[in-house]
K.L.:
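Would you mind keeping the following structure in view while I ask a few things?
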Amino acid sequence: MVKLDVNGRPEEVAAEEDMPLLWVLRDKLGLTGTKYGCGIAQCGACTVHVDGQARRSCVLPVGDVHGKKVLTIEGLAQKPEGGTVSSPVRLHAVQQAWLDENVPQCGYCQAGQIMSTVALLAANPAPTDDDIDAALSANLCRCGTYPRIRRAVHRAAAALKGEAP
Ligand code: FES
Ligand code: FES
């Protein structure tokens, strides 16, 4: 049994310790927003956060995540404070910026792009274009949405600082 916290919920999963976290999330917990692209840490589609750090879940044994906090794309949007079960969720500023800039094309890479961006903005609230390119260059997008991703990162950074985009 592996114990971990996923999106704020304690989970106990029957899995071999060397099972990649990606398959625990997708196959054991039904969290299919995190995608499988390459399986060898080269594309970024499987990016999630572990204790606040962006990690490639396709090559991360779940045994290494025992007792840690995992955040996936499904956990980014939050219920408003004091909201009820039926209250609509409030999108994370990065998700909202992605919508406002119409970033996705096929969408397959975008959960990974968003999770990497959230980690980038936590470390660097005002990234330059070069910072964005450096931080996201290992998140591949076969549809070539890179210019829109860059614009959305700037938009999200402004929103998180309370500025107009
Ligand atoms: S699926 Fe993990 S980096 Fe490509
Ligand atoms: S939107 Fe299609 S791979 Fe990125």
Side-chain angles (χ1 to χ4, degrees), residues 2 4-7 11 13-77 89 91-124 127-159 165:
V2 179
L4 59 168
D5 179 297
V6 181
N7 299 332
E11 302 281 4
V13 184
E16 298 295 328
E17 297 237 328
D18 61 354
M19 186 178 197
L21 174 62
L22 173 62
W23 301 118
V24 170
L25 294 172
R26 290 183 58 87
D27 292 350
K28 302 269 185 192
L29 299 176
L31 296 171
T32 54
T34 305
K35 299 295 190 259
Y36 171 77
C38 65
I40 52 171
Q42 296 296 307
C43 76
C46 65
T47 304
V48 299
H49 294 187
V50 176
D51 284 351
Q53 302 295 313
R55 301 290 301 271
R56 302 279 157 108
S57 63
C58 68
V59 292
L60 185 60
V62 71
D64 290 4
V65 183
H66 189 82
K68 297 187 175 170
K69 289 184 191 307
V70 177
L71 180 68
T72 73
I73 190 75
E74 290 90 348
L76 269 191
V89 293
L91 293 180
H92 188 282
V94 174
Q95 291 172 302
Q96 188 60 55
W98 248 242
L99 286 178
D100 292 341
E101 294 290 346
N102 287 317
V103 173
Q105 192 161 318
C106 81
Y108 200 82
C109 71
Q110 297 296 334
Q113 305 280 5
I114 288 172
M115 297 309 289
S116 292
T117 297
V118 172
L120 164 65
L121 293 177
N124 178 358
T128 63
D129 284 347
D130 286 347
D131 295 335
I132 294 168
D133 292 349
L136 298 181
S137 62
N139 281 80
L140 306 184
C141 176
R142 295 192 69 167
C143 301
T145 60
Y146 302 112
R148 297 201 295 275
I149 287 174
R150 208 195 253 173
R151 285 203 300 275
V153 176
H154 286 302
R155 179 184 278 268

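On a predicted model such as this, the values are computed, not experimentally measured, just so you know. Order of appearance sets the numbers: ligands from 1, and atoms from 1 within every ligand.
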K.L.:
Taking only heavy atoms of Arg56, which atoms of ligand 1 are found under 4.0 Å from at least one of them?
P.N.:
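Taking each heavy atom of Arg56 in turn, ligand 1 has 3 (S) under 4.0 Å.
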K.L.:
Backbone or side chain, does Cys106 get an N/O/S atom under 2.8 Å to atom 4 (Fe) of ligand 2?
P.N.:
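Not a single backbone or side-chain N, O or S atom of Cys106 is under 2.8 Å from atom 4 (Fe) of ligand 2.
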K.L.:
Tell me the protein heavy atom at minimum distance from atom 3 (S) of ligand 2, and give that distance in Å.
P.N.:
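Among all protein heavy atoms, the one nearest atom 3 (S) of ligand 2 is Arg142 N, 3.3 Å.
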K.L.:
Is there side-chain contact between Leu121 and Pro127, with at least one heavy-atom pair below 4.5 Å?
P.N.:
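Touching, per the 4.5 Å side-chain cut-off.
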K.L.:
List every atom of ligand 1 that sits less than 4.0 Å from any heavy atom of Gly39, numbering the atoms from 1 in the order shown and giving each element.
P.N.:
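In order of numbering, the contacting atoms are 1 (S), 4 (Fe).
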K.L.:
Quick one about Gln113 and Thr47 (side-chain donor to acceptor, distance below 3.5 Å, no hydrogens or angles considered), yes or no?
P.N.:
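Side-chain D/A pair, Thr47 to Gln113: absent.
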K.L.:
Can you tell if the side chain of Trp98 reaches within under 4.5 Å of the side chain of Leu91, non-hydrogen atoms only?
P.N.:
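When only atoms from C-beta onward are counted, Leu91 and Trp98 do not touch, as no gap falls below 4.5 Å.
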K.L.:
Answer whether the closest heavy-atom distance between the side chains of Val153 and Leu136 falls below 4.5 Å.
P.N.:
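In short, these two side chains touch, coming nearer than 4.5 Å.
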K.L.:
Before moving on, can you tell me the angle at atom 4 (Fe) of ligand 2 between the SG atom of Cys141 and the SG atom of Cys109, to the nearest 10 degrees?
P.N.:
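Nearest ten degrees: 100°.
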K.L.:
If you count the atoms of ligand 2 from 1 in the order shown, which ones are under 4.0 Å from a heavy atom of Gln110?
P.N.:
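That gives atoms 1 (S), 4 (Fe) of ligand 2.
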K.L.:
Output yes when Asp5 and Lys68 qualify as a salt bridge under the 4.0 Å nitrogen-oxygen rule, no when they do not.
P.N.:
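Not counted as a salt bridge, because no side-chain N and carboxylate O are separated by less than 4.0 Å.
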K.L.:
Between Arg142 and Gln105, is there a side-chain heavy-atom distance shorter than 4.5 Å?
P.N.:
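The answer is no; the side chains never approach within 4.5 Å.
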K.L.:
Give me the one residue out of Val2, Val13, Val65, Thr34 that meets side chain to side chain contact (heavy atoms under 4.5 Å, CB included) with Leu21.
P.N.:
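It is Val65; the other options fail the test.
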K.L.:
Pull out every atom of ligand 1 sitting under 4.0 Å from any heavy atom of Cys38, numbered as shown with elements.
P.N.:
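Listed by number with element: 1 (S), 3 (S), 4 (Fe).
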K.L.:
Quick one: which ligand 1 atoms are inside 4.0 Å of a heavy atom on Cys46?
P.N.:
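Going through ligand 1 atom by atom, the ones under 4.0 Å from Cys46 are 1 (S), 2 (Fe), 3 (S).
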K.L.:
Salt-bridged, Glu101 to Arg148, with N to O below 4.0 Å?
P.N.:
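So Glu101 does not pair with Arg148 through a salt bridge.
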K.L.:
What atoms in ligand 2 come closer than 4.0 Å to a heavy atom of Gln105?
P.N.:
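Those qualifying, in numeric order: 1 (S).
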K.L.:
Under 4.0 Å from a heavy atom of Cys43: which atoms of ligand 1 are those, numbered in the order shown and with their elements?
P.N.:
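Near Cys43, meaning under 4.0 Å from one of its heavy atoms, ligand 1 has 1 (S), 3 (S), 4 (Fe).
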K.L.:
Relative to ligand 2, is Gln113 under 4.0 angstrom through side chain, backbone, both or neither, heavy atoms considered?
P.N.:
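Gln113 to ligand 2: no contact under 4.0 Å from either part.
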K.L.:
When you measure from atom 2 (Fe) of ligand 1 to the N, O or S atoms of Cys58, does any of those distances fall below 2.8 Å?
P.N.:
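Yes, Cys58 qualifies, because one of its backbone or side-chain N, O or S atoms lies under 2.8 Å.
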K.L.:
For ligand 1, which atoms sit closer than 4.0 Å to a heavy atom of Gln42?
P.N.:
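Those atoms are 3 (S).
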K.L.:
Tell me which part of Ala41 gets within contact of ligand 1: side chain, backbone, both or neither, using heavy atoms under 4.0 Å.
P.N.:
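It is the backbone that touches ligand 1; the side chain stays farther off.
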K.L.:
State, with a plain yes or no, whether a side-chain heavy atom of Asp129 is found less than 4.5 Å away from one of Arg150.
P.N.:
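They are in side-chain contact.
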